[in-house]
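Okay, structure first, notes after.
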Protein chains: 2
Amino acid sequence: MHKEHTLTKNQQIIFDLIDKSPEPMKAYSILFNVQKKGIKAPLQVYRALDKLVEIGKIHKIESRNAFIACHNSSCQVAKATAFSICEICEKVTEISSAGLSKYLANFKDKDGMKYSKYNLEFFGLCKKCRT
Amino acid sequence: MHKEHTLTKNQQIIFDLIDKSPEPMKAYSILFNVQKKGIKAPLQVYRALDKLVEIGKIHKIESRNAFIACHNSSCQVAKATAFSICEICEKVTEISSAGLSKYLANFKDKDGMKYSKYNLEFFGLCKKCRT
DNA sequence: TTACATAGTGTTATATTATAACAATTTAAA
DNA sequence: TTTAAATTGTTATAATATAACACTATGTAA
Ligand SMILES: [Zn+2]
Ligand SMILES: [Zn+2]
Ligand SMILES: [Zn+2]
Ligand SMILES: [Zn+2]
């Protein structure tokens, strides 16, 4: 769905870094990690992040101000996202549940309004931290 | 549920301000508005906000870095919240849907894990902006 | 009441996250 | 090819949030 975009140099560098990261990355951590590749200023990072979010290659974890690569092939609508976040180790996992996305996409508020875009963040303990 | 807490002076001042506001308020806007009441530093605001969030009197709209008073009497679990956000006028409404909260509270991820805390933000157009 | 623990306050300084403004360059159409 | 749109590089600054420390109020229990 969002694979057709040709990324620019900065976008590719930043996407690769986030994609390889086992955890969500913060903007200034990204900046630090790409300085050796010639990206020197916060704005260069934020502009790439904005674009990557827009085309759905990455998502922003709003409660953490951090960015994670999309690993959800069923993530058709770039801005309909769901995550689980461990409150101890901060592990973040993108949830790909057809049932959940269907429920949320079909949810109607009091006025009968539907919303195709949403962001859902579940908080709890991951498998490892539960034991 | 969360009405029993006795607020301290700073907490009460800040809660009253947010509660009267027709829209979510940002921390430094709150600061500006309470300076005449003797609250002079960001930390005084953030500490009150933290406490008010913790006891469920207000919620943080994560995608907007703003705070709104809880007007959802069925908001039993302080940290299980849902909002609709208008992408044009930025109107924010707390959603109180028994069906939705039940669905989310009972949602199980791939590992069968349930989450009692969550934050859901729907994005779309409000009634006024739709016309 | 007195001691103690807990929570809240006031203050200064600083850290972290994000955008404004402007000039230059690249890219992709028309 | 020329023109518009997107991207880049750069400096400066705005907006959001926390660290550290000394002090004060409040509640609980001996
Ligand atoms: Zn995704
Ligand atoms: Zn964990
Ligand atoms: Zn509420
Ligand atoms: Zn609106």
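From a predicted model like this one, the values you see are computed outputs, not experimental measurements.
Under a 4.0 Å N-O distance rule, the pair A:E54/A:K79 does not qualify as a salt bridge. For A:E121 and A:R64, the salt-bridge test fails: no basic side-chain N is under 4.0 Å from an acidic carboxylate O.
OP1 or OP2 of C:dG10 lies within a sub-4.0 Å distance of a side-chain N or O belonging to B:N10. Of the side-chain N and O atoms in A:K60, one or more sit less than 4.0 angstrom from OP1 or OP2 of C:dA18. Residue A:Y46 places no side-chain N or O under 4.0 Å from the OP1 or OP2 atom of C:dT19. In this structure, B:Q44 does not reach the C:dT9 phosphate: none of its side-chain N or O atoms is under 4.0 Å from OP1 or OP2. Here B:N65 reaches the OP1 or OP2 of D:dA17: one of its side-chain N or O atoms lies under 4.0 Å away. Close to D:dT8, at under 4.0 Å from its OP1 or OP2, lies a side-chain N or O of A:T8.
No donor-acceptor pair under 3.5 Å is formed between the side chain of A:D111 and the backbone N or O of A:M113. Between the side chain of A:E94 and the backbone N or O of A:F83, no donor-acceptor pair lies under 3.5 Å. With hydrogens and angles ignored, the 3.5 Å screen pairs a side-chain donor or acceptor of A:Q44 with a backbone N or O of A:A41.
Rounded to an integer number of Å, the gap from A:L43 CG to C:dT17 C1' is 12 Å. The separation between A:I30 atom CD1 and C:dT17 atom C1' is 12 Å, rounded to whole Å. Straight-line distance from the CG atom of B:L31 to the C1' atom of C:dG10: 13 Å, rounded to whole Å. In this entry the distance linking CZ of B:R47 with C1' of D:dT16 reads 16 Å, nearest Å. Whole-Å rounding puts the A:L49 CG to C:dA18 P distance at 9 Å. Separating the CG atom of B:D50 from the C1' atom of D:dT18 is a distance of 10 Å, rounded to the nearest angstrom. Here the C1' atom of nucleotide C:dT17 and the CD1 atom of A:I61 are 16 Å apart, to the nearest Å. The nearest whole Å value for the distance from the NZ atom in B:K40 to the P atom in C:dT12 is 9 Å.
Within residues 19-29 of chain A, no residue places a heavy atom under 4.0 Å from DNA chain D.
Residue A:P42 has its side chain nearest to C:dA18 when only C:dA18, D:dT7, D:dT10 are considered.
Separating the CD atom in A:E62 from the CG atom in A:N65 is a distance of 7.5 Å, to the nearest 0.5 Å.
Residues B:F107 and A:F122 place their aromatic rings such that the two centres sit under 6.0 Å apart.
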Side chain to side chain contact (heavy atoms under 4.5 Å, CB included) between B:L104 and A:L100, worked out:
CA-CA 9 Å; B:L104 293 176; A:L100 178 63; 4.0 Å; yes
Take A:K108 and A:N106, measure what side chain to side chain contact (heavy atoms under 4.5 Å, CB included) needs, and give me the verdict at the end.
CA-CA 6 Å; A:K108 288 180 195 170; A:N106 289 322; over 6 Å; no
If you apply the rule side chain to side chain contact (heavy atoms under 4.5 Å, CB included), what do you find for B:F67 with B:K26, and how did you get there?
CA-CA 6 Å; B:F67 300 85; B:K26 304 195 140 215; over 6 Å; no
If you write DNA chain C from 5' to 3' in dot-bracket form, with Watson-Crick or G-U pairs under 3.5 Å, [ ] for crossing pairs and | for pairs with another strand, what do you get?
||||||||||||||||||||||||||||||
